[in-house]
Structures are given as C-alpha cells and as structure tokens.
Amino acid sequence: MTPNPRTTMLICPLTAHTVEGMIAMREQALARGADAVEFRLDFLDEPPSPQDLAAMLAGGDTPAIVTYRPVREGGKYAGDERPRLALLAHAGEFPNVFVDLEQDVPVRLDVRGGLIRSRHDFNGCPQDLDNLFAVLSAAGDVPKVAFTPAGPDEALRAFDLLRQTPGMALAMGEAGVLSRVVAKKFGAFGTFAALSAGEGSAPGQPTIEEFKTLYRWDSIGPRTAVYGVIGHPIAHSMSPAIHNAAFAAASVDAVYVPLLTPPGAGPFNRFMDALRERPWLDWRGLSVTIPHKENALAYIGAARCDELAVRIGAVNTITISPEGDLRGDNTDYPAAIDALCAAMGIARAGLSGRSVAVLGAGGAARAIVAALRHYGARVAILNRTVRRAELLAEEFGCTAGPLGAAIGGEAEIVINCTSIGMHPNTGECPVTSIPESTKVVFDTIYNPIETQLLARARRAGCATVTGVDMFVNQAVAQFEIWTKGIAPRGVMRNVVVRRLTHTTGH
Ligand code: NAP
C-alpha cells in the first residue's frame, strides 16, 4: 500500500549527536512548522538502544522517518549490517513511523507507517534514473532518489519521476534547489528542510523558514506557475526574495526559484530546451543575470526580443506563454532611465538634449548609454580602460575619456556605472568633485544604498537616484510583463531594503 499523505510533507532531518539532542531538535522543528521529522540515527555519537529509539519515537502524532544511513550511501554508520537492520526493523513497529532502507539491502522490512526505499548519488545523476525509480517503487511503499545534477536542466528530471509516482526525487546541491521547492506542485511524498542554515543533511537543502517565508511553501499547489532567476553565481541574488514577496502580496499563484547555471551558451541552451520539453511544468518566466544575458538574446532570437534589448545585446527577462512561445525583454534600461526621470520630474522624452556623464563602460553602462541615446541625451563615457569607453562611444555616438579626469563642466546628470564604492569598499568614490552644473547624481550600486558618491551629491544639493531605485524598477517591470498586473512596488522595495540593511549590518 502506498501511503498517501494529503499534501507534500516538509520533513526536517534531525542530526543531533545525543538522544536528548534529537528530542530537543524535533520540538524545535515542529515549532518552526515541519510536518514530519527524520531521525538520522547515524549522526548519534553512540549506537542507540531500543530504549533510546522508544524515547525518540514516543508521544509523536507527527510522522517520523527513521534512517540509519551507512557510509557507503553517504551516511555516518560504519558498523555491521545486522544490528543496523535489527534497529530499523524495531523502528518499523511504531505507529506513524516510516523506515528508510537503502536500495542495496536484500531484505524487505515490515513497517507500520511505510517503507521508503532509497538511493543516493553524490557524484552525478544515475544513467538509468527512470528505471531506478521504478525499481525503488516496486521494492517499497515510497521510492526516494537523491542525485547530484550538473545543472538545473538535469534537476528537472526529478519532476519526470514525481509525475509518475509521488515519492521523493531530489536533486542535491545549489543547482537542484528547484527540485526541493517545486516538489510540492507534483504531490511528492515529502521534501527535506533544514532546521537552520548549516544543519541540513544534504547540500542545497533550504531551511524550514526559507521554505515557509521565502518560497511560500504553504501556497504551492498543482496549478502554481513557476519562475526563476538563471545566473552564475546566484546564491546572493535578491530576486527570489523580491519576486516571491510580490507574488504573495498580489495573490498570484506562482513560485520563484534560483537556477545556478554554469557559464556558457551550452548550459543555458540545455536548460531552456529542457524547460520547453516539459510544458506541464507551467514555467512562465525567467530573470536572466550575469553571465547569461547575451545567451538569452541568442537563444530567443532578435525577432522575438524588444528592439532596444537587441541594440544593447542583452535580455534580462524571458516570458514563456502557455503555448511555449518565448519573448525577450530588457528591463534594466527602462529601470534606470525611469528612476532618473522620476527624480527629475520629467518624461523620458525630456532627456533629449541633456548632458550626461556616464562613469564606466561595462554591461550596466552599455544598457544605460543605449537608452540615454535612444531618448536623445548627449553622453560622455568616462572609463578606467579608455579603449572600452571609446568603443562604446563609437557605437552609440558619444564622446569618451578617462575616469579620474575632471568631469566635463557642463554635465547636468552624472551616472556611476562602475563598481567603485560598492560593499565592502564603501569608502571609495569614483570622482574627486561634482561639477557645479550637475543637478542629479545616480549611482547604480545598490549596496550600500547611499554610496560615498551619493552622500557627496546630497551635500552638494543635487537630487540623487540610488541603485535600489533601479533594482526595484527592473523587478517591478518583470512582474508587470509576466502577470500583466500592477506590481506591489512598496512590498518589493521593502524586501530589498531589509535585505541590504540585514546583510551589511546597517
Ligand atoms: P562590468 O560589466 O564588470 O563593468 C564594471 C565597470 O566598472 C567597468 O567600467 C570597469 O572598468 C569599472 N571598474 C571596476 N572596478 C574598477 C576600479 N577599481 N576602478 C575603476 N573602474 C573600475 O559590471 P556591470 O555589470 O556593468 O556593473 C557595474 C555596476 O553596476 C556594479 O556596481 C553593479 O552593482 C551595478 N549594477 C546595478 C544594477 C541595479 O539594478 N542597480 C544592475 C546592474 C549593475 P574597466 O572597463 O576599466 O574594467
């Protein structure tokens, strides 16, 4: 009989070294909202006695999994099989207890709650994954496979398995986080959630709190739409926090996950192909960040991308229609110039003829210069590597010069697109003085919120625009492209400000 829990359980692995520690940890896990716990007996300093087991399993209405993982399967138990199996058989006599037994054990235990048959691959993805899951299903009540994907494309294979049998299919590591979160959409038996950061039992496991608050676990269902941010690195991206909070505030049935994807067109294209082969994922959009913005444009093709995104050469927003059609946009440039125009109290057309000094010639500068020129501003590009500034200037019809030279006396607007002054180098400033002519200073850096440059500008009486204004604007634009609704801008801004204040200790 396959146990059929009403909804996917959030299972907290208990990894304490003593029986008392295990019991205390269970109480904390339940208090934080776990639906079930997993006793990892192999973490105990001493092999537990039947009395220890009874103490741990006593008084629990909550479902519990008992696991005694041997070293050969990635666990810590290095002793003989016989006492290990005897203890697992004993655990199976308790009500509401599931026992996890590895695939290679040639016995079948009678377990009152249900027998989980498991296989773990910490080095890759088993070739015969589908067949393996079928074998595990036949050998027990709940199949469980955990593997290590090369990228998020391989992590999607977990859902192929869950669609057939609602067991547990988990892709480990940072590239597999989506498999843990989206498992609930496919009615998985359970997913594992660490009690707190660093206390998980496998790489890539979010905490209970992250599942509940960041990933909106309780509202994920079969019809939930899926979004994500694709980039490398991705761990510190604020996009999952900002978009999930926006979906929650606007009551949109959607979840947003990080997608660590190795650099290069190959890994990017493989993920996109894997998504499109699975329309039943209800994947509706992607934010694209470094180093994949150019790959996104190439994959989608210029004909299906916003004109200025093509000119810039970068797509940061992908929309996928229910029919599978792709569309590419760039929300960085409108985010920047709309933040600027709001501070100046003008419409975009009002930028025509204004004099702007852009500091830097990298990706952010390129998007901003293209937009400024599109709306008729006069632009001087100043960069450490002058040749880079000259190339950009030639392409968009600007002037170029070295960073560090005095900014031309007539610049009305100064925009910093270098990383000078960014956390942790918050004492640095890209200019020695701000010209008399300058009325507005915009720093694209968002950490810290007020850079040295902006503090100086404020003291000089200039209007200021922060990188947070730009960052929030690009996320707002993505939300509105995807949902065709009005974004909860205040909520999104608060998420960003709270995160920045928290991470930099302000
Ligand atoms: P990028 O392509 O790597 O370009 C970096 C730029 O900074 C280049 O012009 C580089 O000059 C210059 N630079 C770096 N270190 C320098 C130093 N020590 N001295 C002088 N110049 C230096 O990076 P990006 O993607 O354009 O990002 C640039 C900035 O924009 C970052 O601070 C980022 O946080 C910000 N940004 C903000 C948002 C937002 O939403 N608010 C979005 C994107 C980017 P060289 O050409 O000489 O190397």
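Everything numeric here is computed off the predicted structure, so don't read it as measured data. Just follow the structure's listing: the first ligand is 1, and inside any ligand the first atom is 1.
- Taking a distance limit of 4.0 Å, we find that atom 29 (C) of ligand 1 is approached by some protein heavy atom.
- Regarding atom 31 (C) of ligand 1, its nearest protein heavy-atom neighbour is Thr418 O, 4.1 Å.
- For atom 35 (C) of ligand 1, the closest non-hydrogen atom of the protein is Thr444 OG1, 3.4 Å.
- In terms of polar-atom proximity, Gly363 is counted as a contact of ligand 1, with an N or O under 3.5 Å from an N or O of the ligand.
- Looking at Ser419, Gly404, Ala475 and measuring to atom 14 (C) of ligand 1, the nearest heavy atom belongs to Ser419.
- Annotation for ligand 1: atoms under 4.0 Å from non-hydrogen atoms of Arg388 are 8 (C), 45 (P), 46 (O), 48 (O).
- A donor atom on one side chain and an acceptor atom on the other are found under 3.5 Å apart for Asp273 and Tyr299.
- With hydrogens and angles disregarded, a donor-acceptor distance shorter than 3.5 Å links the side chain of Thr466 to the backbone of Val468.
- Of the N or O atoms in Ala364, one or more lie within a sub-3.5 Å distance of an N or O in ligand 1.
- In terms of heavy-atom proximity, Trp217 sits nearest to Val181 at CZ3-O, 3.5 Å.
- Taking a cut-off of under 4.0 Å to the non-hydrogen atoms of Met422, the atoms of ligand 1 that pass are 32 (O), 34 (O).
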Starting from the C-alpha separation in whole Å, work towards a yes-or-no answer on side chain to side chain contact (heavy atoms under 4.5 Å, CB included) for Phe442 and Thr464. CA-CA 6 Å; Phe442 173 8; Thr464 58; over 6 Å; no

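- Atom 10 (C) of ligand 1 has Asn383 OD1, 4.0 Å as its closest protein atom, hydrogens excluded (heavy atom only).
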Would Arg327 and Asp325 count as a salt bridge (Lys or Arg N to Asp or Glu O under 4.0 Å) here? Give the steps. CA-CA 7 Å; Arg327 156 101 200 148; Asp325 299 325; over 6 Å; no

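- Here is the list of ligand 1 atoms found below 4.0 Å of a heavy atom in Ile445: 32 (O).
- Judged by the 6.0 Å and 45° rule, Arg284 forms no cation-pi pair with Trp482.
- Ser287 and Gln478 share a donor-acceptor pair across their side chains, judged by distance under 3.5 Å alone.
- The contact set between ligand 1 and Gly360, taken as ligand atoms under 4.0 Å from a residue heavy atom, comprises 9 (O).
- Between the side chains of Asp329 and Thr331, no donor N or O sits under 3.5 Å from an acceptor N or O.
- At a distance under 4.0 Å, no protein heavy atom can be found next to atom 33 (C) of ligand 1.
- Within the 4.0 Å heavy-atom criterion, the part of Cys417 lying near ligand 1 is the backbone and not the side chain.
- If you number the atoms of ligand 1 from 1 as listed, the ones under 4.0 Å from a heavy atom of Phe471 come out as 40 (O), 41 (N).
- Regarding atom 20 (C) of ligand 1, its nearest protein heavy-atom neighbour is Ile420 CD1, 3.3 Å.
- A side-chain donor-acceptor contact under 3.5 Å links Asp306 and Tyr333.
- Residue-level proximity to ligand 1 for Val468 is absent, since no heavy atom of it falls below 4.0 angstrom.
- The two atoms that bring Ile445 and Thr451 nearest to each other are CG2-CG2, 3.8 Å, heavy atoms only.
- Aromatic pair Tyr256/Tyr215: centroids not less than 6.0 angstrom apart.
- The distance from ligand 1 to the heavy atoms of Tyr446 drops below 4.0 Å at these ligand atoms: 39 (C), 41 (N).
- At a threshold of 4.0 Å, the pair Arg270-Glu154 does not count as salt-bridged, since none of the basic side-chain nitrogens sits closer than that to a carboxylate oxygen.
- From the protein, the heavy atom lying nearest to atom 42 (C) of ligand 1 is Met470 CE, 3.7 Å.
- Shortest contact from atom 16 (C) of ligand 1 to any protein heavy atom: Arg384 NH1, 3.5 Å.
- Backbone and side-chain nitrogen or oxygen atoms of Gly467 are examined, and one is located within less than 3.5 angstrom of a nitrogen or oxygen of ligand 1.
- For Val226 against Leu281, the heavy-atom pair with the smallest separation is CG2-O, 3.5 Å.
- Under a 4.0 Å heavy-atom criterion, Asp332 is not in contact with ligand 1.
- At a heavy-atom distance under 4.0 Å, atoms from both the backbone and the side chain of Thr385 approach ligand 1.
- For atom 3 (O) of ligand 1, the protein comes within 4.0 Å by no heavy atom at all.
- The heavy-atom pair separating Asn473 from Ala339 by the smallest distance is ND2-N, 3.4 Å.
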